[in-house]
2 protein chains.
Amino acid sequence: MTEPSRAREIREAATELFYERGYHGTSMREIAARLNMRAPSLYNHLNSKQQLLVDIIEGDVALITREFEDATATTDDVIEKFRRGFEVHVRHHMRYAHESKIAMTEVAALEEPAQSQVKEMRRHYTELWRTLIENAVAEGRASTQSTNLAAYAIIDMGIGIARWFRPDGPVSEGTLAGTYCDFALSVIGADSSPTRSRT
Amino acid sequence: MTEPSRAREIREAATELFYERGYHGTSMREIAARLNMRAPSLYNHLNSKQQLLVDIIEGDVALITREFEDATATTDDVIEKFRRGFEVHVRHHMRYAHESKIAMTEVAALEEPAQSQVKEMRRHYTELWRTLIENAVAEGRASTQSTNLAAYAIIDMGIGIARWFRPDGPVSEGTLAGTYCDFALSVIGADSSPTRSRT
DNA sequence: TCTCGAGACTAACGAACGGTAGCCTGCTCG
DNA sequence: CGAGCAGGCTACCGTTCGTTAGTCTCGAGA
């Protein structure tokens with residue numbers, strides 16, 4: 001399953017440029033220039049510009065979904081599932097900030113049927129979160145009465161990270177993951193720390 | 001004095017299309033077609049495509065900032081300030097979902113100096129939130145130890161709304177505002193019960 | 001040493017882009 | 001009535017787009 005390395009380099013260069021300027025704001029000539037190539041040479045390694053976008057977005061959504069499923073499968077405790085799932089969610093949006101931002105902002109640039117497929121994959125990911133929160137509430141481990149909105153709020157909290165997080169910034173990956181985990185647990189109404197007081 | 005109503009119609013049509021397809025993914029011909037016009041006629045009412053984007057984004061960021069400042073100026077209680085500010089924040093991203101999404105995703109398409117100016121305006125808005133949360137903690141009304149991250153999390157929670165909220169959807173504006181307000185108060189570690197007391 | 005294929009290149013295509021020039025129509029108002 | 005003008009329109013400009021065709025080069029294997 002090893003893919004040609006040049007194809008991967010092109011996709012990485014495209015990821016950077018799509019992140020900085022957007023899909024329609026990036027030309028094949030710019031992607032090529034970043035690798036000291038000419039635009040037509042790119043077509044020795046890919047079929048179309050659109051396929052680049054499809055690969056980046058579908059790859060990202062598929063990856064975070066698999067990461068989430070793997071992380072939550074390793075425990076039966078619903079709050080621990082939540083904690084591990086959210087840590088994966090947050091860390092994904094730090095480590096793959098560029099891909100994540102593209103997957104969020106450039107879905108409209110996807111042609112059919114890829115656009116519908118990505119939307120379905122995202123709906124599925126959201127559903128995983130909604131179910132997890134629902135289970136936590138059903139077991140009396142969380143108290144929110146709006147599992148749907150809580151899922152949206154939690155997911156969006158993580159997504160936002162991709163817009164401002166910088167690996168060399170003042171906040172470390174671990175600190176951010178821990179702090180945001182407390183935020184998320186607060187949102188669903190689960191006790192997250194001993195200092196929290198509830199009536 | 002007759003308003004330049006046509007200019008406003010053009011900006012509204014552009015807002016819809018920039019929302020659906022992005023700035024670079026929208027042509028002046030498409031904007032014109034939505035008003036049953038031809039592209040060159042648009043230039044009777046505007047200077048450039050870029051100016052359309054600048055007006056939409058700067059207008060949106062300026063509006064939410066003013067709404068926030070107005071809402072928080074009407075009380076001295078820091079938690080009530082927070083509550084009113086966040087309600088404004090959430091409702092803005094529902095009512096102006098299209099403008100807000102553009103302001104979030106198309107900043108890279110802004111040319112200088114507009115791009116720097118918008119980034120500065122956003123930095124200012126974030127700073128308002130950070131200060132508000134800091135004051136709440138200083139007065140013992142909130143318990144978070146990460147005012148910076150809490151501000152990001154709360155702002156991003158609201159921004160996300162613009163991506164999925166539909167006015168004719170199953171969740172009403174009031175329900176969403178109320179539920180999200182509880183979420184936000186949980187994040188900063190403030191009691192979310194409706195009864196509050198001045199110190 | 002010769003062959004051959006991978007992968008770079010240059011040239012160029014048709015389409016679409018943002019924007020300009022200049023014309024025409026029809027309403028307003030002296 | 002008739003002049004002026006706001007605001008449409010068609011024609012077209014130069015540029016850039018994604019992509020194709022065809023050529024050249026160079027290293028590996030027979």
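Side chains included, hydrogens not; waters and symmetry mates left out as well; all remaining heavy atoms used. Every chain is numbered from 1, with letters handed out A, B, ... down the list of sequences.
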Check for a donor-acceptor pair, side chain of A:K49 on one end and backbone N or O of A:S27 on the other, with a separation under 3.5 Å.
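No.
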Under 3.5 Å, is there a donor-acceptor pair between the side chain of B:H93 and the main chain of B:G160?
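Side chain of B:H93 to backbone of B:G160: no pair is present.
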Donor-acceptor pair present, A:R6 side chain and C:dG7 base, under 3.5 Å:
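By the distance-only test, no, there is no pair.
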hydrophobic_cluster_shared for B:L128 and B:M104, side chain cutoff 4.5 Å
yes
Of the nucleotides D:dG18, C:dA8, C:dG18, which has the atom closest to the A:H45 side chain?
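Within the option list, the nearest is C:dA8.
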Any N/O pairs under 3.5 Å between the protein and nucleotides 9-11 of chain D? List them or say none.
{"unit_1": "D:dC9", "atom_1": "OP2", "unit_2": "B:R38", "atom_2": "N", "d": "2.9"}
{"unit_1": "D:dC9", "atom_1": "OP2", "unit_2": "B:S41", "atom_2": "OG", "d": "2.8"}

Between A:S27 and D:dC17, does any side-chain N or O lie under 4.0 Å from OP1 or OP2?
yes
For [X] and [N], what is the distance between atoms [atom1] and [atom2] respectively, to the nearest whole Å?
X: B:I10; N: D:dG7; atom1: CD1; atom2: C1'; value: 10 Å
X: B:E30; N: C:dA15; atom1: CD; atom2: C1'; value: 14 Å
X: A:L53; N: D:dG18; atom1: CG; atom2: P; value: 12 Å
X: A:R21; N: D:dT16; atom1: CZ; atom2: P; value: 14 Å
X: A:L17; N: D:dG18; atom1: CG; atom2: P; value: 12 Å
X: A:R29; N: C:dT10; atom1: CZ; atom2: C1'; value: 12 Å
X: A:M28; N: D:dT16; atom1: CE; atom2: C1'; value: 14 Å
X: B:L46; N: C:dG18; atom1: CG; atom2: C1'; value: 11 Å

Start with the C-alpha distance between B:T75 and B:R84, add both sets of side-chain angles, then the distance that settles side chain to side chain donor-acceptor pair (under 3.5 Å), and finish with yes or no.
CA-CA 9 Å; B:T75 177; B:R84 293 182 191 180; 4.7 Å; no
Can the ring centres of B:Y125 and B:H89 be said to be less than 6.0 Å apart?
yes
State whether A:R141 and A:D77 are salt-bridged, where the test is any N-O pair (Lys NZ or Arg NE/NH1/NH2 against Asp/Glu carboxylate O) under 4.0 Å.
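Here A:R141 pairs with A:D77 in a salt bridge, since their nearest N and O are under 4.0 Å apart.
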If the threshold is 4.0 Å, N to carboxylate O, is there a salt bridge linking A:E12 and A:R8?
yes
